[in-house]
Amino acid sequence: MSISSRLIGRLFDLPPAETYNIAIERDVKVPMPDEVVLLADHYYPHKGKPPTILIRSPYGRRSMFGLMFGRPFAERGFQVFIQSCRGTFGSGGKLDPFHQEQADGLATVEWMKKQDWFNGELATFGPSYLGFVQWAIANEVGSVLKAMATWVTSAEFRTVTYPGESFWLESCFGWTNQIMTQEGSPLGILMGLLMADKRLKPAYWHLPLIEVDERVLGRPVQFWREWLEHNEPGDEWWTRSDFSGTVSQVTAPDHMGGGWYDIFLPQTIRDYLALVHAGRQPYLTIGPWTHMDQRYMGISVKEALAWFRAHLLGDRSGLREMPVRIFVMGVNEWRDLPEWPPANSRPQRWHLHPGRLLAPELPPESAPDRYHYDPADPTPGVGGAAMSANSGPKDQRALEARADVLVYTSAVLDRDMEVIGPVQAELFLQSSLEHTDFFARLCDVDPSGKSINISDALVRLVPGRPPRESDGTLRASMDLWPMAYHFKRGHRIRVQVSSGAHPRWARNSGSGEPLATAQTLYAADQTVFHDPAHPSAIILPVQT
C-alpha cells in the first residue's frame, strides 16, 4: 500500500480497494517471434489469480502509468500487465509507429497464455495510442478477450493524419517530437516540455516540410517522412495500420470515450457506430475535453473499472444504465442517452446571407463575398481539436477581425436552442487556384460579443475534387466535429469561413507541388456564394 494509491483512488472517485497487498514484477521479458524482447511490468495481488488487464504503451510503463493504471486496477480485482511497445523504454527493436502493433500485441497475448499466473481471461485498456493497439489485436486475439476500454482513439490513423485531406501538421509533428525526445534525462525532458512551443513554432513555418525533423531534432525521422510522402487518398501504405474494417467483427464489449475537442472524436464515433450497426452494445462517454486534457484520465479509469468488473467478474453494481453519456456544453451538464446520435435531433440548415448574416431562411439574390488568402501570412488556427496548448474553446474575436476570415452571424436568439449530433457545412465556392483549402467553424457569441469556437473542419480541394457544378462553382461538403451544445437565449450563432488554420493544418501552398517538398507559395482569391442557386449553409442537428 502507498499513500499515492489512496490519493489516486480518492481523486478518481474509485470504489474501495479490495487489497493493498500488491506485488510488482519489473522488466518482465516477453520474446517476440523475431527474437526481439519487449519489457513489461506486472502488477498482481499476492492472493488468487484474477483476470488480467493488458496495457501496451510507447510512453513508458512506470511513473504515471504505474500510478494511474497499474495499482488502481490491481487493488480492485485484477492483474495488470503494462508493456512498452517495440523500440521504446528498454523494449528491443525499432519503433515503427502503428505498423508493428498487431504482430507484437498478438505475440504478447500468446506468451501470456502460457504463464501460470494467467487465468485465461483478458481485458485491454488505454487512451490514444494505447487505444489503437487494442484495435490492432481485437479481431484476431480470440475468445480470451472479454472486454475493452478504448479512449480518445481510432482504429486507423490515415483519416486522423489527413482530416479533410489536409495534413494535420501541429499534432503530427508535435507527437513526433514527443516520441523522439521522451527518453532523455529527466532534466532534459522537463526542459524540452517547457521549451516545446519555442522550438516548434518556428519549425511549422519551415518549407519543405520534409526537413522539419532535421531542423528540430537534428536528424531525419523515417516515419515522419513516410507520413508526408504517402499523402494521396487511397495510398495502400496506410492499410497495414488500418483496422477500421474489422471493428464491426469485434465481439468483446467495448467502453469508448472521447472529447468534444479531441483530435480523434470523429473516428471514435465512427468505430462506435460500426459496433452498434453490427448488433453490439458498446458504451460511449464524451466529455468537454481536448486530447491533452488530463481530466478524462480519472473518468476513463473509473468507467473502465466498472466495465471490466461487469464483464469479467460479474459485478454490475458500478455500471450505469444508459449506454451513452455526453457532456452538453453551454449548460455544462452530463446527460445519459439510449443512443448516439439522439433520435430527436433534426437537421436544420442555417444559411449564409448577404450582409454577413446567418439565418434559417434561404438567402436572397445577392453578390458573393470575397477574400484573399496568402499562405505566406496564413490564417492562424485558434483553438479547436489539437495536441497543443492552443486547443479547446478560445476567444475568436482577434481572428475574426482578419481580412481573410468571413464571419456570418445570426440574430439574437429569442429562445434556448440545443444542438446535439453530427454537423455538416455545404459551401458554394470559387477560387483563383485549383489547389486550395476552405475552413468552416461554428461559434457561440455571448451578449458581450465574445465568440467561442465549438466545431470546425477544413477541406482540401484539388482539380476534380469536388467536381465543378454546371455553372463552374464548387460545392464543398464538410463534416465538422460532432457536438453537444446549448445555445442560450440572448446569444448568437456564428459561422466563420476562411482558408486555413495554421499550424494546426499545414498551409496549402497553392502550387500543387507534393506536400513533402512544396516550397512555392501562391496566394488565392476566394469567393463564397449565398443566393437561391448557391445556398451555402451549416447544417445543425437541432433537438426537437
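In this chain, numbering begins with 1 at the start of the sequence shown. All values derive from a computational prediction rather than experimental measurement.
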Participant: Please step through side chain to side chain donor-acceptor pair (under 3.5 Å) for the pair Asp235 and His230, ending with a clear verdict.
Facilitator: CA-CA 6 Å; Asp235 191 318; His230 294 279; 3.0 Å; yes
Participant: Sort out for me which residue in Trp205, Phe439, Phe167 forms a ring-ring contact (aromatic ring centres under 6.0 Å, His included) with His502.
Facilitator: Trp205
Participant: Is there a side-chain contact between Ser366 and Phe529, using heavy atoms and a 4.5 Å cut-off?
Facilitator: no
Participant: Would Arg494 and Thr409 count as having a side-chain donor-acceptor pair, cut-off 3.5 Å?
Facilitator: yes
Participant: For Glu400 and Arg441, what are the C-alpha separation, side-chain angles and deciding distance, and is it a salt bridge (Lys or Arg N to Asp or Glu O under 4.0 Å)?
Facilitator: CA-CA 11 Å; Glu400 292 169 353; Arg441 165 171 277 172; over 6 Å; no
Participant: Using a 4.5 Å cut-off on heavy atoms from C-beta on, say whether the side chain of Asn177 contacts that of Leu217.
Facilitator: yes
Participant: Any donor-acceptor pair under 3.5 Å linking the side-chain atoms of His486 with those of Asp416?
Facilitator: yes
Participant: How long is the span from the SG atom in Cys443 to the CZ atom in Phe487, to the nearest 0.5 Å?
Facilitator: 8.5 Å
Participant: Assign the ring pair Tyr129 / Phe157 to parallel, tilted or perpendicular, where the plane angle (0 to 90°) is split at 30° and 60°.
Facilitator: tilted
Participant: Could you verify whether a donor N or O on one side chain and an acceptor N or O on the other, from Glu303 and Thr285, lie under 3.5 Å apart?
Facilitator: no
Participant: Tell me whether Asp456 is salt-bridged to Arg504, with the criterion being a basic N under 4.0 Å from an acidic carboxylate O.
Facilitator: yes
Participant: Do Tyr283 and Tyr272 have their ring centres less than 6.0 Å from each other?
Facilitator: no
Participant: Looking only at side-chain N and O atoms, does His372 offer a donor or acceptor that is under 3.5 Å from a partner on Asp404?
Facilitator: no
Participant: Quick check: closest heavy atoms across Ser448 and Arg397, and the distance to 0.1 Å?
Facilitator: O-NH1, 4.2 Å
Participant: Say whether, by atom type as modelled, one donor and one acceptor occur between the side chain of Thr176 and the main chain of Cys172 under 3.5 angstrom.
Facilitator: yes
Participant: Check the pair Asp395 / Lys450 against salt bridge (Lys or Arg N to Asp or Glu O under 4.0 Å), numbers first and verdict last.
Facilitator: CA-CA 6 Å; Asp395 190 344; Lys450 185 177 182 180; 5.1 Å; no
Participant: May I ask you to check whether Gln519 and Glu513 show a side-chain donor-acceptor distance below 3.5 Å?
Facilitator: no
Participant: Does a donor on one side chain and an acceptor on the other come within less than 3.5 Å for Tyr162 and Asn231?
Facilitator: no
Participant: Examine distances only and state if a side-chain atom of Gln182 and a backbone atom of Pro58 form a donor-acceptor pair shorter than 3.5 Å.
Facilitator: yes
Participant: Run the ring-ring contact (aromatic ring centres under 6.0 Å, His included) test on Trp168 and Trp505 for me, step by step, so that the C-alpha distance in whole Å, both residues' side-chain angles and the decisive distance to 0.1 Å come before the verdict.
Facilitator: CA-CA 5 Å; Trp168 209 321; Trp505 277 283; 5.5 Å; yes
Participant: To the nearest 0.5 Å, how far apart are CG in Asp293 and CH2 in Trp260?
Facilitator: 14.5 Å
Participant: Please evaluate residues Phe98 and Trp237 with respect to the criterion ring-ring contact (aromatic ring centres under 6.0 Å, His included), reporting the C-alpha separation (whole Å), side-chain torsions for both, the decisive distance (0.1 Å), and the verdict.
Facilitator: CA-CA 12 Å; Phe98 312 112; Trp237 183 85; 9.1 Å; no
Participant: Counting only N and O atoms by type, is there a donor-acceptor contact under 3.5 Å from the side chain of Asp254 to the main-chain atoms of Thr150?
Facilitator: yes
Participant: If you look at every heavy atom in Leu352 and Pro363, which pair is closest and at what distance?
Facilitator: O-CB, 3.4 Å
Participant: If the threshold is 4.0 Å, N to carboxylate O, is there a salt bridge linking Glu418 and Lys488?
Facilitator: no
Participant: Checking side-chain contact (heavy atoms from CB on, under 4.5 Å) for the pair Met256/Leu275: CA distance, chi angles, key distance, verdict?
Facilitator: CA-CA 11 Å; Met256 314 169 79; Leu275 290 171; 4.1 Å; yes
Participant: Check this for me: Glu333, atom CD, are more than 12 non-hydrogen atoms of other residues, nucleotides or ligands nearer than 6.0 Å?
Facilitator: yes
Participant: Can a donor-acceptor pair be found between the side chains of Glu170 and Ser388 at a distance below 3.5 Å?
Facilitator: yes
Participant: Could you state the interatomic distance from NE2 (His255) to CG (Leu319), rounded to the nearest 0.5 Å?
Facilitator: 8.5 Å
Participant: If you take the centroid of each ring, where Trp contributes its six-membered ring, are Tyr373 and Tyr371 closer together than 6.0 Å?
Facilitator: no
Participant: May I ask you to decide if Ala149's main-chain N or O and Gln134's side chain share a donor-acceptor pair within less than 3.5 Å?
Facilitator: yes
Participant: Roughly how far, to the nearest 0.5 Å, is the CG atom of Leu358 from the NE2 atom of His530?
Facilitator: 11.5 Å
Participant: Classify the angle between the aromatic ring planes of Trp224 and Trp227 as parallel (below 30°), tilted (30 to 60°) or perpendicular (above 60°).
Facilitator: perpendicular
Participant: Tell me whether Asp271 contacts the main-chain N or O of Val247 through its side chain, where contact means a donor paired with an acceptor under 3.5 Å.
Facilitator: no
Participant: Would you call Met478 and Gln424 a side-chain contact if the rule is heavy atoms closer than 4.5 Å?
Facilitator: no
Participant: Using a strict threshold of under 4.0 Å (side-chain N to carboxylate O), is an ion pair present between Glu214 and Arg225?
Facilitator: yes
Participant: Between Asp437 and Arg460, does at least one N-O distance fall below 4.0 Å, as a salt bridge requires?
Facilitator: yes
Participant: Quick one: are Met483 and Pro422 in side-chain contact, heavy atoms under 4.5 Å?
Facilitator: no
Participant: Does the distance from a Lys or Arg side-chain N to an Asp or Glu carboxylate O, for Lys302 and Asp13, drop under 4.0 Å?
Facilitator: yes
Participant: Is any side-chain heavy atom of Leu540 closer than 4.5 Å to a side-chain heavy atom of Val423?
Facilitator: yes
Participant: Taking side chain to side chain donor-acceptor pair (under 3.5 Å) as the cut-off, I'd like each qualifying pair that reaches into residues 531-544, sequence neighbours left out, listed once.
Facilitator: Asn344-Gln543, Ser345-Gln543, Asp471-His534, Asp531-His534
Participant: In this structure, are over 12 heavy atoms from other groups packed under 6.0 Å from Lys394 atom NZ?
Facilitator: yes
Participant: Can Tyr59 and Gln178 be counted as having a side-chain donor-acceptor contact under 3.5 angstrom?
Facilitator: no
Participant: Tell me if the aromatic rings of His291 and Phe264 count as close, with their centers under 6.0 Å from one another.
Facilitator: yes
Participant: Just verifying a value: how many Å separate Phe327 CZ and Ile286 CD1, rounded to the nearest 0.5 Å?
Facilitator: 13.0 Å
Participant: Please report the C-alpha distance between Tyr261 and Trp289 in whole Å, then the side-chain angles of each, then the deciding distance to 0.1 Å, and finally whether the ring-ring contact (aromatic ring centres under 6.0 Å, His included) criterion is met.
Facilitator: CA-CA 6 Å; Tyr261 295 97; Trp289 310 305; over 10 Å; no
Participant: Please walk me through it: do Tyr408 and His353 pass side-chain contact (heavy atoms from CB on, under 4.5 Å)?
Facilitator: CA-CA 8 Å; Tyr408 300 86; His353 278 241; 6.0 Å; no
Participant: Ring centres under 6.0 Å, that's the criterion: do Trp135 and Phe243 meet it?
Facilitator: no
Participant: Restricting to pairs with a member in residues 260-270, which pass salt bridge (Lys or Arg N to Asp or Glu O under 4.0 Å), not counting sequence neighbours?
Facilitator: Glu156-Arg270
Participant: Run the side chain to side chain donor-acceptor pair (under 3.5 Å) test on Ser431 and Gln526 for me, step by step, so that the C-alpha distance in whole Å, both residues' side-chain angles and the decisive distance to 0.1 Å come before the verdict.
Facilitator: CA-CA 5 Å; Ser431 175; Gln526 313 290 57; 2.6 Å; yes
Participant: Near Gln222 CD, under 6.0 Å, is it more than 12 heavy atoms from other residues, nucleotides or ligands?
Facilitator: no
Participant: Strictly by modelled atom types, are His351 and Glu361 linked by a side-chain donor-acceptor pair under 3.5 Å?
Facilitator: no
Participant: Distance check, rounded to the nearest 0.5 Å: Leu406 atom CG versus Arg370 atom CZ?
Facilitator: 11.0 Å
